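Note sheet for the following structure.
Throughout, protein chains are lettered first and strands after them, A, B, ... in sequence-line order, and every chain is numbered starting at 1. None of the values given here were measured: they were computed from a predicted structure.
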Amino acid sequence: MWTWLPAGWRVHQRVVGIVREEMDAIGGQEMLMPVLQPAEPWRKTGRIEIEELFKLADRKGSELVLAMTHEEAVTTHVAQVVRSYRDLPLILYHFQVKERDEPRPRAGVLRTREFVMKDSYSFDRDQAGMDERYQLHVGAYDRMMARTGLRFYRVEGDVGMMGGTGAHEYMAPCAAGEDDVVLTESGYAANAEVVRAQLGKEQLDPAVDRMGGESFELEKAIEIGNIFKLGTRYSEPLGARYLDEHGAELPIWMACYGIGPARIVAAAVEQYADEHGISWPRSLAPFQVHLVALGKPGTPERDAADALYATLLAGGVEVLYDDRDAGTGEKFADAELLGCPLRLTVGRRSLESGEIEVQVRRGRAEAPALRLDAEPRQLLAELRARLDELP
RNA sequence: CGGGGAGUGGCGCAGUCUGGUAGCGCACCCGGCUGGGGGCCGGGCGGUCGCAGGUUCAAAUCCUGUCUCCCCGACCA
């Protein structure tokens with residue numbers, strides 16, 4: 001079980017922000033469902049049998065579960081509310097804790113028994129509608145992934161125990177990953193598990209095996225999102241039905257879509273860290289700017305740093321100000337550990353040269369300095385332009 | 001569930017084999033110096049050695065039991 005400390009949580013919440021914007025953009029409506037739930041709906045869908053499902057009882061002996069996903073809950077609500085084809089389609093989502101009794105949690109936040117997931121659920125009158133909602137999500141997920149700055153693949157996935165008729169997974173390549181991705185020259189990508197099943201093989205050997213005659217590569221990756229076509233897998237047992245134009249009662253077609261902010265954070269660390277620490281993609285960084293002040297309080301250089309900090313704050317720049325009483329080396333080393341995209345330094349040299357030193361974290365590259373005596377508006381404009389150039 | 005490893009100041013570890021005053025580095029506190037790459041000097045605080053029982057004059061150390069954590073595998077929505 002893991003606690004997110006302040007800087008890490010800022011990163012997590014930046015991922016959440018990106019995901020929320022893209023979900024809203026395809027018509028998703030945010031809500032919140034409970035983690036602690038009655039066992040009854042899980043009995044109806046048969047998922048009460050899953051070993052990874054935490055089960056418990058309250059003081060009266062009523063059976064409860066801790067939700068591992070929210071199909072049961074959301075479908076129950078939809079079954080109560082939706083009566084007509086006029087109520088469809090619907091996309092509902094939330095960011096909520098998931099609880100899973102994993103046989104072996106591992107690798108930090110990569111596989112944990114408790115984690116936050118954005119899970120959305122689409123509800124349609126027929127298969128064609130479901131496919132449409134599914135495609136909307138593919139677009140939204142592609143945009144989310146691109147915005148995180150991660151290298152990623154969308155691959156054909158395994159429907160697994162979710163049941164249903166189709167699935168894709170979003171995979172972020174990194175050595176710490178638990179899954180293998182098959183990549184062909186023509187751009188086909190799939191979870192190696194799926195390929196093994198299709199070929200009926202236990203192991204894949206890129207040197208020997210061929211994908212439709214093509215050679216392929218295997219790459220380690222983290223699964224950061226997955227989407228499933230569920231069909232009527234949940235609407236049937238939970239009674240989620242609607243009346244069509246002819247008065248016929250029909251089951252609602254569903255799909256579900258998950259994404260794990262924690263895994264995106266972990267993948268970003270893995271993909272971009274160097275020997276000096278983390279190097280966040282700009283869209284995920286806890287702060288855009290890390291301002292290092294050198295010199296003791298009361299010195300002119302510190303006054304200049306304080307003034308710059310005030311300017312940045314007033315200008316709406318997300319800035320972390322290191323005004324600790326610590327050595328220069330320690331401050332620089334910590335800035336590189338934390339990994340904000342741009343580091344500004346103000347010290348005695350700045351007063352002599354009239355310049356604010358600028359370092360780009362990715363590659364630890366020195367960038368052209370900013371003028372210490374620039375008008376605030378001009379300084380902020382220049383700084384934003386610099387930030388916009390960063391990955 | 002199978003296999004392996006570890007529990008000793010806040011963190012990382014040594015000490016356990018061969019029982020005899022609990023130690024090191026970092027961190028922390030105080031004073032001073034230093035002030036553009038984890039700096040220096042001096043002085044300090046802090047530990048029922050995971051827990052329970054046993055052997056012994058004496059247990060971090062030996063014996064028995066137990067709890068927890070980590071790694072590999074199986075599993076994995």
Scan [X] against the nucleic acid and name what it touches under 4.0 Å (heavy atoms): base, sugar-phosphate only, or nothing.
X	value
Lys331(A)	nothing
Thr345(A)	base
Asn226(A)	sugar-phosphate
Gly347(A)	base
Arg302(A)	nothing

Watson-Crick or G-U wobble partner of [N], both distances under 3.5 Å:
N	answer
rG19(B)	none
rC62(B)	rG54(B)
rC76(B)	none
rC28(B)	rG44(B)
rC49(B)	none
rC33(B)	rG39(B)
rA6(B)	rU68(B)

Notebook entry, point to check: Do we get Lys229(A) above Tyr134(A)'s six-membered ring, with its NZ or CZ under 6.0 Å from the centre and within 45° of the axis?
Noted result: yes
Just how far, in rounded Å, is [atom2] of [N] from [atom1] of [X]?
X	N	atom1	atom2	result
Lys296(A)	rU34(B)	NZ	P	7 Å
Asp334(A)	rG39(B)	CG	P	11 Å
Glu52(A)	rC1(B)	CD	P	14 Å
Glu169(A)	rC76(B)	CD	P	13 Å
Glu330(A)	rC40(B)	CD	C1'	14 Å
His276(A)	rG38(B)	NE2	C1'	12 Å
Leu294(A)	rU34(B)	CG	P	17 Å
Glu223(A)	rC75(B)	CD	C1'	15 Å

Determine the Euclidean distance between corresponding [atom1] atoms of [M] and [N]; express it in Å to zero decimal places.
N	M	atom1	answer
rG25(B)	rG42(B)	P	12 Å
rU16(B)	rA52(B)	P	24 Å
rG12(B)	rG19(B)	C1'	27 Å
rC71(B)	rG32(B)	C1'	47 Å
rG43(B)	rC26(B)	P	14 Å
rA60(B)	rU18(B)	C1'	15 Å
rG50(B)	rA6(B)	P	13 Å
rA58(B)	rG15(B)	P	26 Å

query: For the residue pair Tyr85(A) and Tyr242(A), is the inter-centroid distance of their aromatic rings smaller than 6.0 Å?
result: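 Ring centres of Tyr242(A) and Tyr85(A) not closer than 6.0 Å.
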### Message
Would you say the rings of Tyr170(A) and Tyr141(A) are close, in the sense that their centroids are separated by under 6.0 Å?
### Response
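For Tyr141(A) and Tyr170(A), the ring centres are under 6.0 Å apart.
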Quick one: which of [options] gets closest to the side chain of [X]?
X	options	result
Glu102(A)	rG38(B), rG35(B), rC76(B)	rC76(B)
Arg111(A)	rC76(B), rG35(B), rG38(B)	rC76(B)
Gln359(A)	rG38(B), rC75(B), rG37(B)	rG37(B)
Arg343(A)	rG38(B), rC75(B), rG37(B)	rG37(B)
Asp325(A)	rG37(B), rG35(B), rG38(B)	rG35(B)

Is the shortest side-chain heavy-atom distance between Pro173(A) and Tyr153(A) below 4.5 Å? yes
Please state whether the base of rC76(B) and the side chain of Arg100(A) form at least one donor-acceptor pair under 3.5 Å? no
Could you check whether the side chain of Glu336(A) and the base of rG37(B) have a donor-acceptor pair of N or O atoms closer than 3.5 Å, going by distance alone?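 Between rG37(B) and Glu336(A), which were checked side chain against base, a qualifying N/O pair under 3.5 Å is present.
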- Have a look at Gln359(A) and tell me which of Glu366(A), Glu336(A), His290(A) forms a side chain to side chain donor-acceptor pair (under 3.5 Å) with it.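 So the option named by the test is Glu336(A).
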Above 12 or not: heavy atoms from other molecules or residues under 6.0 Å from CD of Glu51(A)?
no
Check your understanding: Does a sphere of radius 6.0 Å around CH2 in Trp9(A) hold more than 12 heavy atoms from other residues, nucleotides or ligands, not counting ones at 6.0 Å or beyond?
Key -> yes
Ranking Phe332(A) and Met117(A) by the position along RNA chain B of their nearest nucleotide, the one closer to 5' is Phe332(A)
Q.
If only side-chain N and O atoms count, and only distance matters, is there a donor-acceptor pair under 3.5 Å linking Ser283(A) with Arg147(A)?
A. no
